[in-house]
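Sequence lines set the chain letters: A, B, ... in the order given, protein chains first and strands last, and positions in each chain run from 1. Reckoned from all heavy atoms, side chains included, excluding hydrogens, waters and symmetry mates. Note that the coordinates shown come from a computational prediction; the quantities given were computed from them, not determined experimentally.
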There are 2 protein chains.
Amino acid sequence: MAESVTIHGELDLLARAGHLFSSVSEEFVCAARDLDTWPRPRSQESARARVRASPVQRVRKLFSPTVLVGEDSRRGLVELAGSGAQVRIAAGALPHETIVMDRRYAILAGADAPTGRAYTVTTDPAVVGGVYALFEAAWEAATDLAAFLRGEQPHLDSGSRAVLRALGSGATDEAAARELGMSLRTYRRRVAELLAALDAGSRFQAGVRAGELGLTG
Amino acid sequence: MAESVTIHGELDLLARAGHLFSSVSEEFVCAARDLDTWPRPRSQESARARVRASPVQRVRKLFSPTVLVGEDSRRGLVELAGSGAQVRIAAGALPHETIVMDRRYAILAGADAPTGRAYTVTTDPAVVGGVYALFEAAWEAATDLAAFLRGEQPHLDSGSRAVLRALGSGATDEAAARELGMSLRTYRRRVAELLAALDAGSRFQAGVRAGELGLTG
DNA sequence: GAACCGCTGGCAACTAGCTGCCAAACCCCT
DNA sequence: AGGGGTTTGGCAGCTAGTTGCCAGCGGTTC
C-alpha cells in the first residue's frame, strides 16, 4: 500500500480500509466531533462489537462537548464507555474524525463532498506520529466522561454561588457570614449543602471540585 | 506539487519548502516539543524575523512544558511572545514539530533518522483539517505563557504531593496520616506548609488553587 | 565526643467547623 | 385569620483542625 491514500465515501472506505480495523492489536484512538459519525446504521451495536471483537489493549475516544446535547448520543457514550473504551470530552471542537491505530495507521476524515466524505488513510510515520502526539495533548487536557457527567454543573443557586465565593476568598466562616449578611448557623448550613452538592467529604475536596468545574473564575 | 511529499533533513526542507513560509498570509500555527527545534542557528533572531517580515495575521505557537526548564529557552519564549506570536504551554508532550499554514499546508516532523529528520509536507485537506482541529483542541486547553509564568507551579516536593492527594481524597487528617505512615502532628504540619505554599487562607481555598493548577490529576 | 543542625511526634490549649434540636419568622394557600 | 410547610438563627455539644512548645532522633561539623 502507498504511504497515503485518499478515499471518497464511507462504503469505499470500509471496502478498502476495513481490514485495518480488524488488524488493530494494541491501541485504537479516535477523536471525533460526533458519536460514531461513521458506520452510521446501528451505531451502538457496531461500535460495541468492534470494541469487543478485537483483542485491542486500549481504546480511547475523545469527543467534542456537543455529543452530550442529545439524550440518544449521551446514552451511546455511556454504553461505549461501558464496553471498555476510555471516553473523554474535550473542551472545544475536534476534527470530523481522526483515528490512529497502533500508532501505525491514521485515518483522517475531511469535509463532506459531492462524491462522499473524503478520507485519507496514511502510514507516513511523521504524519501518524504528529497526529498521535497532538491527540495525546488534547487527550491529556480533556475530562473523563464519568467525571464530566458526575460534575456536570450541580446546578447551584445564586446563594450557593455567593457562599462559594466567600469560601474561595479564604475568609473564616464568621467573616463570610457577616459579609453575606446571614447568621453563622445559616452560612454553615449553606456550606454543608454545597459540600453535599459537590459530593465532597471535606472543604478541601469541595475546593478542588469547584476549581476543576471552574465555579470560581 | 503532489499532495504529500516526504523530505529528509532540514536543509532539504528549507530548500524545497522554504517558499511556503514566505507565502503564509493569514495564519501560522505550530506545535512543538522544543523551542524552535528547527532553523537552529540564531534561532531567536530568525524566528523574530520570520514573524515580523511576513504580514501574517496570526501566529500561534504551542509548546510542551519542558521548554521552560532552561533559562535560555525561557528567554527565547518570552522574546517570541514579545514579537507578536501567541504562545501557550500545553499540559503534556507534543509532536516534535507540527506546523499548519493558512489551513492549507501542514508540515509534520518525524523522528530523527540517519538521513536527517524526516519531514512530511502535505496539502491533503483531510490531513490538514484534522491536524488543525486537533491543534485547536490542544490549544484551547493550554495555558497562555504569561499566565503560566505568573502562576508558576509553587514547586512541591513529593511529600507535599502525597499530602495533596490525601487531602483531595476527602479523608480526615487522622486517616490520611495513617495512610501516609506519619503522625497526625507531622501530617498537619505538612498541610500547613502546603497552605503556605499555595498562599491559601483556608483548606477550601487551597483546594481551589490546587484544582486550578491541576495539581490533583 | 560535643555542639549543632533539621526533622519528627507527643502534648496541650485553643479555634474553627459541624450538626441536632427547637423556637421564631416567613410564605403560601385556603 | 389560621394552618402547614419551609427557612432562619440561637444554643449547645462535639469533632476536626491549628499552633506553640518541647523532647527525642538521626545526620553533619568541628
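Rounded to an integer number of Å, the gap from CD of B:Gln205 to C1' of C:dA16 is 16 Å. Rounded to a whole Å, the CG atom of B:Leu184 is 9 Å from the P atom of C:dG10. In this structure, the CZ atom of A:Arg178 is 16 Å from the C1' atom of D:dG9, given to the nearest Å. If you take CD of A:Glu193 and P of C:dT19, they are 11 Å apart, rounded to a whole angstrom.
Nearest nucleotide to the A:Arg188 side chain, out of D:dG9, C:dG17, C:dG10: C:dG17. Nearest nucleotide to the side chain of A:Asp173, out of D:dG17, C:dG10, C:dG17: C:dG17. Here the side chain of B:Arg190 is nearest to one of C:dG10, C:dC18, C:dC7, namely C:dC7.
Note on A:Arg117 versus A:Glu97: no salt bridge recorded, every NZ/NE/NH1/NH2 to OD/OE distance being 4.0 Å or above. Remark: A:Asp173 engages A:Arg203 in a salt bridge, criterion side-chain N to carboxylate O under 4.0 Å.
For the pair B:Thr186 and C:dG9, the criterion of a side-chain N or O lying under 4.0 Å from OP1 or OP2 is met. Proximity of B:Arg189 to the phosphate of C:dG9: no side-chain N or O atom is located under 4.0 Å from OP1 or OP2. Side-chain nitrogen and oxygen atoms of A:Arg203 include none within less than 4.0 Å of the OP1 or OP2 phosphate oxygen of D:dA16.
B:Phe135 is linked by a ring pair (Phe, Tyr, Trp, His ring centres under 6.0 Å) to B:Trp139, counting only residues two or more places apart in sequence or in another chain.
Side-chain atoms of A:Arg185 and base atoms of C:dG20 include a donor and an acceptor less than 3.5 Å apart.
Mapping B:Ser183 and B:Ser202 onto DNA chain C via the closest heavy atom, the residue that lands nearer the 5' end is B:Ser183.
Listed by first and then second residue, the salt bridge (charged side-chain N to carboxylate O under 4.0 Å, His left out) pairs that reach into residues 174-186 of chain B come to none, sequence neighbours excluded.
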